[in-house]
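A short worksheet on the structure shown next.
First the proteins, then the strands, lettered A, B, ... as listed; each starts at 1.
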Protein chains: 2
Amino acid sequence: MKLSTKSRYGVRAMFDMAYHAGTLPAQIKDISRRQNISPRYLEQIFQDLKKAGLLKSRRGPQGGYSLAKPADEITVKDIVLAAEGELQLVDCVKNRRKKGEKAPACDFDNRCLTQHLWAKGSQLLGDYFDSVSLKDLCDQGKELGLEKELDHRFMYFI
Amino acid sequence: MKLSTKSRYGVRAMFDMAYHAGTLPAQIKDISRRQNISPRYLEQIFQDLKKAGLLKSRRGPQGGYSLAKPADEITVKDIVLAAEGELQLVDCVKNRRKKGEKAPACDFDNRCLTQHLWAKGSQLLGDYFDSVSLKDLCDQGKELGLEKELDHRFMYFI
DNA sequence: ATGAATCTCTACTTCTATTGTCAAGAATAA
DNA sequence: TTATTCTTGACAATAGAAGTAGAGATTCAT
C-alpha cells in the first residue's frame, strides 16, 4: 500500500519547478540535483507527466521543462494519477477485461461487499489529493521559509 | 499503491467468519473454499491476524479459528494493519532508524512538505477503515441478501 | 552548416516484495 | 491412539519497482 517513488519524486519535482519558476524552462539536471533524484530516472517520470499534459518541454540549449498549467490548476492528484497510472487501492474495482488485460483478481461483480469498501477508500484519498494544488504547496513552502535557490551552496529539501 | 492480497483476503475471511459465526470454530478449509482463497496461504494470513489478537485458535478435531472479539469491536483498520504491517503511503514518514532498519528514503526531517501530505493521506484512509467494523459489513451483507451457507451448492462471494 | 545542449524513446538490469507452496511437528477430541 | 486441525519455518516463482544505458531527434548559438 505504498506510493511508488514515481509519485513521490513526481510531486517533489513538480513542486520544485513551481517554487523556482522563472522565465526559462527548468532543466532535469538542476531539478535532480536539488531534489536528489537520479536524472535519468527523473527523465522517465517527466515523460509520464508530459503525456498527462502537466508539463511541456523544449529541446536544445536553454531548453527544459515547464509547467503546462498555472500552479493552482495542478493538483497532487493529477501528478499521482499520471505517475501511478491510477488511484485505486485494489485492482478488482477496475472495469474488467478491457482488451486482453489479465483477468481481474475477483469476478464476483456486484455481490462484493469489500469492493465498495476499497473503492470508497480510494475515493477519499483521491479527493484529498485533489484538494491540494502546487500553489498550496508553494504557499506552505514560503511559510516554512524554504530557501529558493539563489546560490548552490544552500541545498533545501522538500 | 495497492493493498496486498493479505489485506483483501484477510478482510474477506474475517467477514466470512463473522457472517457465519456459529458455536463451533470456523475451519480454514471451509473459509478458503467459500472465499476461494488458497488454504495454505490463508493459514499464513491467519497467523498474522492471530498475532495481532484478532483471532483465537483451537487445534484438533472440531478445532479452528474464531474471532477474539465481538464483531463490532474489530474494524477493517485492525485487519489491514495486521496484514499490511502498517498503514502508511510512504516509508519516509516512519520513525527513522529503529534499530538496524534500512535507511529511510528521505533524511530531510522537518523541512519536508510532502511528508506531511502523505502522512495526512494515510491518516484519512486509516480513519475511514477504522470507522467500518465487521458488524457493519455483516449488516450490509444482510441487506444485500447474501446467503449464509446452508448447503454447499450455494456459493456466495464477498 | 556545425556542434553542443537538451529532451526522447526504448530496452535492459537489478533488486525486492508479494504470493504463494510444501513438509514436518504439536495439540486436541473422540 | 488415531484422525483432525492448527503451527512453524523454509522455500520458490513471479511481478513490479527502481534505476541505468545508449542511440536518436530537436534546437540554439555561432
Side-chain angles (χ1 to χ4, degrees), chain A residues 1-10 12-13 17 24-33 35-52 54-66 68 80 83-86 88-92 101-106, chain B residues 1-10 12-13 17 23-33 35-51 55-66 68 80 83-86 88-92 101-103 105-106:
Chain A
M1 219 214 25
K2 298 280 180 265
L3 283 167
S4 71
T5 56
K6 282 197 172 182
S7 295
R8 294 195 292 115
Y9 292 175
R12 274 167 50 193
M17 293 179 65
L24 291 175
Q27 295 182 351
I28 291 270
K29 67 178 177 190
D30 291 322
I31 301 172
S32 71
R33 175 176 40 74
Q35 294 296 328
N36 196 27
I37 298 170
S38 148
R40 288 326 273 292
Y41 193 36
L42 194 53
E43 278 176 15
Q44 283 186 64
I45 298 172
F46 272 18
Q47 291 307 311
D48 292 336
L49 297 176
K50 192 185 171 187
K51 274 179 203 133
L54 304 178
L55 289 180
K56 54 190 178 188
S57 62
R58 181 184 196 107
R59 293 201 257 201
Q62 311 305 315
Y65 291 89
S66 41
V80 172
E84 210 81 8
E86 61 176 19
Q88 292 292 342
L89 291 172
V90 298
D91 278 335
C92 67
E101 194 166 290
K102 71 184 165 191
C106 157
Chain B
M1 218 212 32
K2 298 279 181 270
L3 285 165
S4 72
T5 57
K6 280 196 175 184
S7 295
R8 296 196 290 115
Y9 292 175
R12 275 167 49 194
M17 293 180 63
T23 52
L24 291 175
Q27 295 182 353
I28 291 269
K29 64 177 178 189
D30 290 323
I31 301 170
S32 71
R33 176 176 41 75
Q35 294 297 327
N36 196 28
I37 298 170
S38 146
R40 288 335 255 305
Y41 192 34
L42 195 51
E43 277 175 16
Q44 280 186 69
I45 297 171
F46 272 17
Q47 289 308 311
D48 292 335
L49 296 176
K50 190 184 172 187
K51 275 179 202 134
L55 288 180
K56 55 189 178 188
S57 61
R58 181 186 196 105
R59 294 201 257 200
Q62 310 306 316
Y65 291 91
S66 42
V80 172
E84 209 82 11
E86 62 177 18
Q88 292 292 342
L89 291 172
V90 298
D91 279 335
C92 68
E101 195 166 289
K102 69 187 164 192
C106 159

>> Rounded to whole Å, please give me the gap between CZ in B:Arg33 and P in D:dT5.
In response: 12 Å
> Checking only heavy atoms, does the side chain of B:Arg58 share a donor-acceptor pair with the base of C:dA29 at less than 3.5 Å?
Replying inline: no
> Where the side chain of B:Arg40 is defined as all heavy atoms beyond and including C-beta, which of C:dA23, C:dG20, D:dT7 is the nearest nucleotide?
Replying inline: C:dA23
> Is there a donor-acceptor pair under 3.5 Å between the side chain of A:Ser32 and the backbone N or O of A:Ile28?
Replying inline: yes
> Whole-Å distance between D:dT2 C1' and B:Gln62 CD?
Replying inline: 15 Å
> Could you walk me through whether A:Leu55 and A:Met17 pass the side-chain contact (heavy atoms from CB on, under 4.5 Å) check?
Replying inline: CA-CA 10 Å; A:Leu55 289 180; A:Met17 293 179 65; 3.8 Å; yes
>> Could you check whether any side-chain heavy atom of B:Ser4 comes within less than 4.5 Å of a side-chain heavy atom of B:Glu84, counting everything from C-beta outward?
In response: yes
>> Quick check on DNA chain D: between A:Pro61 and B:Ser57, whose nearest nucleotide comes earlier from the 5' end?
In response: B:Ser57
> Backbone N or O of B:Leu24 within a donor-acceptor pair of the B:Gln62 side chain at under 3.5 Å?
Replying inline: no
> What nucleic acid atoms does B:Gln27 come within less than 4.0 Å of, heavy atoms only: base, sugar-phosphate, or nothing?
Replying inline: sugar-phosphate
> Between atom CG in B:Leu49 and atom C1' in D:dC6, what is the gap in whole Å?
Replying inline: 14 Å
>> Can you measure B:Gln44 atom CD to D:dT5 atom P for me and round it to whole angstrom units?
In response: 20 Å
> Starting at the 5' end of DNA chain C, which residue's closest nucleotide do you reach first, A:Gly63 or A:Lys51?
Replying inline: A:Gly63
> Rounding to a whole Å, what distance do you find between A:Lys2:NZ and C:dT18:C1'?
Replying inline: 14 Å
>> Using whole Å, what does the distance between atom P of nucleotide D:dC6 and atom NZ of B:Lys29 come to?
In response: 8 Å
> OP1 or OP2 of C:dC9 sitting under 4.0 Å from any side-chain N/O of A:Gln47?
Replying inline: yes
> More 5' along DNA chain D: A:Pro39 or B:Tyr65, using each one's nearest nucleotide?
Replying inline: B:Tyr65
>> Rounded to whole Å, please give me the gap between CG in B:Leu55 and P in D:dC6.
In response: 11 Å
> Distance check: side-chain N/O of B:Ser4 vs OP1/OP2 of C:dA17, anything under 4.0 Å?
Replying inline: no
> Given C:dT19, is OP1 or OP2 found less than 4.0 Å from the side-chain N or O atoms of B:Thr5?
Replying inline: yes
> Are B:Gln88 and A:Lys2 close enough that some pair of their side-chain heavy atoms sits under 4.5 Å apart?
Replying inline: yes
>> Strictly below 4.0 Å: does A:Tyr9 bring a side-chain N or O up to OP1 or OP2 of D:dG19?
In response: yes
> Rounded to the nearest Å, what distance is computed from the CG atom of residue B:Leu42 to the P atom of nucleotide D:dT5?
Replying inline: 15 Å
>> Could you tell me if A:Thr5 and A:Tyr41 have a donor-acceptor pair between their side chains, going purely by distance under 3.5 Å?
In response: yes
>> Closest-nucleotide mapping onto DNA chain C: is A:Gly64 or B:Leu3 further toward the 5' terminus? I mean the 5' end.
In response: A:Gly64
> The side chain of A:Glu43 lies closest to which of these nucleotides: C:dC9, D:dT27, C:dA27?
Replying inline: C:dC9
> How would you label the contact of B:Lys50 with the nucleic acid (heavy atoms, under 4.0 Å): base, sugar-phosphate, or nothing?
Replying inline: sugar-phosphate
